Structure formats: structure tokens, C-alpha cells
Q: 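Can you read through this structure? Questions will come right after.
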Amino acid sequence: GQNIDQPTEMTATEGAIVQINCTYQTSGFNGLFWYQQHAGEAPTFLSYNVLDGLEEKGRFSSFLSRSKGYSYLLLKELQMKDSASYLCASDRGSTLGRLYFGRGTQLTVWP
Amino acid sequence: DSGVTQTPKHLITATGQRVTLRCSPRSGDLSVYWYQQSLDQGLQFLIQYYNGEERAKGNILERFSAQQFPDLHSELNLSSLELGDSALYFCASSVDLISGNTIYFGEGSWLTVV
């Protein structure tokens, strides 16, 4: 996936906090997306980061460090319905909007 | 519901055949993208159109082609199908090409080649 690296699997329990890390290639970088995808369904937009720092949206937050080529997605107060694949995607190059996706992190939330 | 509509939702066809997948972007969106998702590859960018013109090509095979029509809907044509073409094909759309505009995905078309 064009040098997008993220863990393959993670597990956590209901009510917990989990952080999903993603590293990406910095050349031509425009911005970083996070999507949630349940099996066989469409990816659903979660967040977009272009500047360094933390963006908070309810239970989900996303962080970006452009100099380090690093992002993370933070999920708080985990619920069973958060069990899904979380896709990190970078918008790179001169063609804005063309996304390079990681393989996804399969998160399983246990009761 | 993202507002991006794809048809058909499921399709089973034989090797060597040709199929057409259709996509209607969200109202007002000018940019359309096609992605392929297979079990062993993850989401792979195929091609992008903006207001009827091709803007970028990714890992799209020569057997595949696409176009965007004046009403902004798009079609992905897959020909001489092989077993390995079995995948989930997503269409996505966004307002324009400015970085950061949210890209919304349709529900996908499941293609099974037998």
C-alpha cells in the first residue's frame, strides 16, 4: 500500500481506550485520512489531518506528525460496535484526492 | 448512507466475460474514483475522473476501462475477466480536487468470476 504501515490486528475490551498507529511515506504528502470499514461494507470517513496536532471528534481523535510521517487514531470508551477494520490512508502526490491505503487494522472489542 | 450509489451490488460471471459497473456520485460531487479491494491486497486505487476528464490512473489493468459521463455518473468496464478479478469494487466521490475534501465511498459492487 505505498508504504503505509499499520498493525494487522488489535484487541481491547469494552470501555477501554485503544490507539492505532500508522506510519506513511512523507514525500508529496498532502494529508492523512482514517476510515472505518466493517466487513463487506463501504469505508466510512472518520477523520482528516493535514496539520500537526490532535483533532478530536467525540470518542474518536486523530493525531498527525508530518515531520515523523506518523499518525494515530485514538478510540475512547470502546463499544462492541467499534469492532471493525480501521484504514489509514495518505493523500500523496500532485493528484489530490488519490488515496494510498494501508492494509487496515482489524480491531476486536470484547465484552 | 454516503450518497454514492453503485450498481449492481453483486455480480457473478464467467471467465472471459465482460461486465460494467455503474456509479452515481453524491449530488454536487465532480470527482469520481474507482478502487478495487481484494482479500490479499487491500484497497487499491484504479482511476480518477474529474468533471468528465480522466485525472489519474493507478493500478488499472489494460483490460479495464472507465469513463465519466456529462451527468457525472461513471462506469467501470472490466473485460476478459479472470478469476483474480474477483473483488469488491468501490466507487467514491468528492466535491473537487482540493486536498482534504472528504472522499465518500459507495457500498461497492461484489464481483465474483467463476
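In the text below, chain A, chain B and the rest are named by the order of the sequence lines, each starting its count at 1. Remember, predicted model here, so these are calculated numbers, not experimental data.
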Q: For residues L21(B) and L46(B): do they belong to one hydrophobic cluster (side chain heavy atoms under 4.5 Å, members Ile, Leu, Val, Met, Phe, Trp, Tyr)?
A: yes
Q: Provide the closest heavy-atom pair for A42(A) versus E107(B) in the form atom of the first, atom of the second, distance.
A: CB-CA, 3.9 Å
Q: Measuring heavy-atom distances to chain A, does Q37(B) have an atom under 4.5 Å in its side chain, in its backbone, in both, or in neither?
A: side chain
Q: Side chain from CB out, backbone as N, CA, C, O: work out which of these in K9(B) comes under 4.5 Å of a heavy atom of chain A, or both, or neither.
A: neither
Q: Which atoms of L32(A) are under 4.5 Å from chain B, going by heavy atoms: the side chain, the backbone, both sets, or neither?
A: neither
Q: Determine, using the 4.5 Å side-chain heavy-atom cutoff (strictly less than), whether W34(A) and L78(A) are members of one ILVMFWY cluster.
A: yes
Q: Locate the shortest heavy-atom distance separating F33(A) from I103(B); write the atom from each residue and the value.
A: CE2-N, 4.3 Å
Q: Could you look at I47(B) and say if it's the side chain, the backbone, both or neither that has a heavy atom under 4.5 Å from chain A?
A: neither
Q: Which heavy-atom pair separates P43(A) from L43(B) by the least distance, and what is that distance?
A: CG-CD1, 3.9 Å
Q: Kindly work out whether a path of hydrophobic side-chain contacts (I/L/V/M/F/W/Y, heavy atoms less than 4.5 Å apart) joins F60(A) to L74(A).
A: no
Q: Within a reach of under 6.0 Å around CG of L61(B), are more than 12 heavy atoms found that belong to other residues, nucleotides or ligands?
A: yes
Q: For Y35(B) and L99(A), indicate whether the former's side chain and the latter's backbone hold a donor-acceptor pair under 3.5 Å.
A: yes
Q: Y70(A) and Y35(A): same hydrophobic cluster, using ILVMFWY side-chain contacts below 4.5 Å?
A: no
Q: Counting only heavy atoms not in L83(B) (residues, nucleotides, ligands), do more than 12 fall under 6.0 Å from its CG?
A: yes
Q: Starting from V19(B), can I reach V32(B) by hopping between I/L/V/M/F/W/Y residues whose side chains sit under 4.5 Å apart?
A: yes
Q: Testing the basics here: between R98(A) and Y33(B), what is the closest heavy-atom pair and its distance to 0.1 Å?
A: N-CE2, 4.3 Å
